[in-house]
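Structure record follows, encoded as structure tokens.
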Amino acid sequence: MTPPAPLSVSHLTVAYGERPAVWDVTWAAPPGLTAIVGPNGAGKSTLLKAALGLVPALSGEVRFFGRPLEEARDRVGYLPQRASVDWDFPATALDVVCMARYPRMRWWGMMPRRHKEAARAALAQVGMEAFADRQIGKLSGGQQQRVFLARALAQDAELVLMDEPFAAVDAATEEAIVGVLRGLAAKGRHVVAVHHDLGTVPEYFSSVLLLNARVFAAGPVKEVFTTQNIGATYGARLALLEESRVGAEASGA
Amino acid sequence: MIPYNTAVVLLGCALLGVAAGTVGTFALLRGRALVADAVGHAALPGVAVAALIVALVGGDPRALPPLLAGAAVAGLLGVLAVQALTRTTRIREDAAIAIVLSSFYALGAALLSWLQTLPGAAQAGLSKFILGQAAAMRAEDAMIAAGVAAVSLALVLAAFQRLRAVAFDADFARVMGLRTDRSDLLLLGLIVLVCVSGLQAVGLILVVALLVLPAATARLVTHRLPRMLAIAATAGGIAGATGAWLSALRPEVPTGAAVVLVAACFFTLALLLAPERGLLARLAMLTRRRLSADTEHFLRAAWEAQEAAGAGPGTAGDRWAPLGAVAGARGWSRGKAWRLAWWLGLRGLLARAEGHVHLTPRGATAARRAVRAHRAVEHHLLAAGATDIASADRLADLVEHGLPPEMAARLLPEPSALPASPHALGRRTR
């Protein structure tokens, strides 16, 4: 018998006000590295947030490793969008990473040393150990993203949900994130990441979910990440883009 | 020698300030400052009703504990009303707070006036809760303040990690399975505790200031949370004691007003003088940056004026450049060009005579560096196709400052070459 999928949703529907953002999505994330790809406003982040219970779902069921979230919380990590917090908050990079260890300690008292060491190790994994005591507001955008990544690593979860980890990062950070993704995959961990850059999907991920409110295609990148499927997901907008590019090439030649 | 009663009051107000500073730090970071205001105002009807009940059962209407209990209940009801309004209707939190705060306060004011028409002394001294009167504090009241301060300090320090996690990223905390609702409830309870125990000394209108001002002051001064807590607690404690003392010296000034004014003084000082976020520090930094940009522009204009006068591209020669040409190249007034020339003369970068300037060796070196950075950026922008010749100059002006020499060297690989201005090239090819 195959083990249950790290993340599976069935008939999940989420709406903000009148407009459905995620429409009757039934999908199971395969083991390994998976990208969720789709146009802006396709409900990619909403799908992750609904799975984690951060936005209410109208209907549907979410399972992590075959169990409801409540029973699997310690197996699930989360990397939110960088813009979701106030980076002017008075905390150091190490403080932020330490927050990932709170479920393992009492609600009161100081942070035990071994957790602090784990947080430092996570910072080192993303190449940020030299910035441990730096105020987070004084880090660059890419460094802030790496701090968030270190926090997700410090959770030491089997599955990490990442919301646009590559959004607006510098080359060094992109490299660090890719290194972390490969390291996680090598350890048999699973990642589901909302991803924007179509060009890097085949290089970084093994599976893909093409989402635009509904599921358009899902499966191994080699099989389903085809021009035809991408075109269907992105709809008319991509077709226009292709035409304009062809047009530009023709006139330039 | 301070009389015993005054000493008690000073101590009580200082401890209250310490508690308010620590709790206020997290209230501020979690965005709960206005909620604290709602708690304070909503407490008034609770005080009035409690006084009425105590009088009816024949107790001492001036005894503090029942009044504070009434205030706490009413304050909590107010917060619950705010939450119910925001959750069930389309009213947003700021509007909900305004509605609840004013309605509860109006109810309290009406009840208070009505109490005054009743026989007996039920209303005695209730109006002092509005603006605060620390002189009315007795030793046992100061003990209550001390107890509250100790409890809130201990709770904040114990739950420090949780409170910080929820204030920084509540969603992440929720995903990890932390009970953020409990942390929020703890914070709310502490806010109510501080507000209620501050009623007698500071008054319900101004008690929010005691929570917010020390914390905001500390936020301006430091980036570290432990330090912020310590500074907020100290500022709150000093403000409490000083305010109470001032009000003891001049009894016509309400204690609440005096305490808040002292706290506001601290805040103003921090606003002006804080090392990084203070207005003066930011003004100084801005001036310094502007002056250094103007310096580079002036030197480059002087260099290019010499180039134009025939020294040839890339060589400045040993000529005097007219100040008017420099001002014209930059679009500056003669006065501004003159002032800059005077300043650069003081710094030994150029010599001035009869409306002309001449770069000293040091000035020439600096000018060469500025020209190099500018043209490196210009050529780079042109090569990258990011701009055309007409706007390259203006774009480069925006980005060249602070361009480190090694970066300029990367943009312009040949170290010794000083390329001609692309504008000159453009003219030649046309």
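Lettering of chains follows the sequences in order, A, B, ..., and the numbering in each one begins at 1. Note that this is a predicted model, so its numbers are computed, not measured.
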For this session: Sort B/Ala170 into side chain, backbone, both or neither according to what part of it lies under 4.5 angstrom from a heavy atom of chain A.
Result: neither

Exercise. Looking only at heavy atoms, what is the nearest atom pair of B/Arg224 and A/Asp133, with distance?
Worked result: NH2-O, 2.8 Å

Problem set entry | Part of A/Asp74 lying under 4.5 Å from any heavy atom of chain B | neither

Problem set entry | Least distance between heavy atoms, B/Arg162 atom then A/Tyr102 atom | NH2-O, 3.4 Å

Exercise. When heavy-atom pairs shorter than 4.5 Å are enumerated against chain A, which of B/Arg219, B/Arg179, B/Arg174, B/Arg182 gives the highest number?
Worked result: B/Arg219

Exercise. What part of A/Glu70 is in contact with chain B, defined as an atom under 4.5 angstrom from a non-hydrogen atom: side chain, backbone, both or neither?
Worked result: neither

Exercise. Considering only heavy atoms, which portion of B/Leu225 lies under 4.5 Å from any heavy atom of chain A: side chain, backbone, both, or neither?
Worked result: both

For this session: Counting only heavy atoms closer than 4.5 Å, note whether B/Met228 contacts chain A via side chain, backbone, both or neither.
Result: side chain

Exercise. Taking everything shown except B/Met285 itself, do over 12 heavy atoms lie less than 6.0 Å from its CE?
Worked result: yes

Seminar exercise, completed: Nearest heavy-atom approach of A/Met99 to B/Met176 is O-CE, 3.1 Å

Exercise. If you draw a 6.0 Å radius around CD in A/Glu71, do more than 12 non-hydrogen atoms from other residues or ligands fall strictly inside?
Worked result: yes

Exercise. So which of A/Lys138, A/Met105, A/Lys49 has the largest heavy-atom pair count under 4.5 angstrom toward chain B?
Worked result: A/Lys138

Exercise. Given the options A/Trp107, A/Trp108, A/Phe89, which has more heavy-atom pairs under 4.5 Å with chain B than any of the others?
Worked result: A/Phe89

Seminar exercise, completed: Tightest non-hydrogen contact, residues A/Arg73 and B/Val175, listed as NH1-O, 3.0 Å

Exercise. Going through the distances and angles, do B/Asp169 and A/Tyr78 end up as a side-chain contact (heavy atoms from CB on, under 4.5 Å)?
Worked result: CA-CA 12 Å; B/Asp169 193 348; A/Tyr78 180 41; over 6 Å; no

Exercise. Pick from A/Ala91, A/Gly77, A/Ser84, A/Ala100: which one has the most heavy-atom pairs with chain B under 4.5 Å?
Worked result: A/Ala100

Exercise. Does the side chain of B/Phe168 reach to within under 4.5 Å of the side chain of A/Ile136, using non-hydrogen atoms?
Worked result: yes

For this session: Under 4.5 Å heavy-atom distance to chain B, tell me which part of A/Pro80 shows up: side chain, backbone, both or neither.
Result: side chain

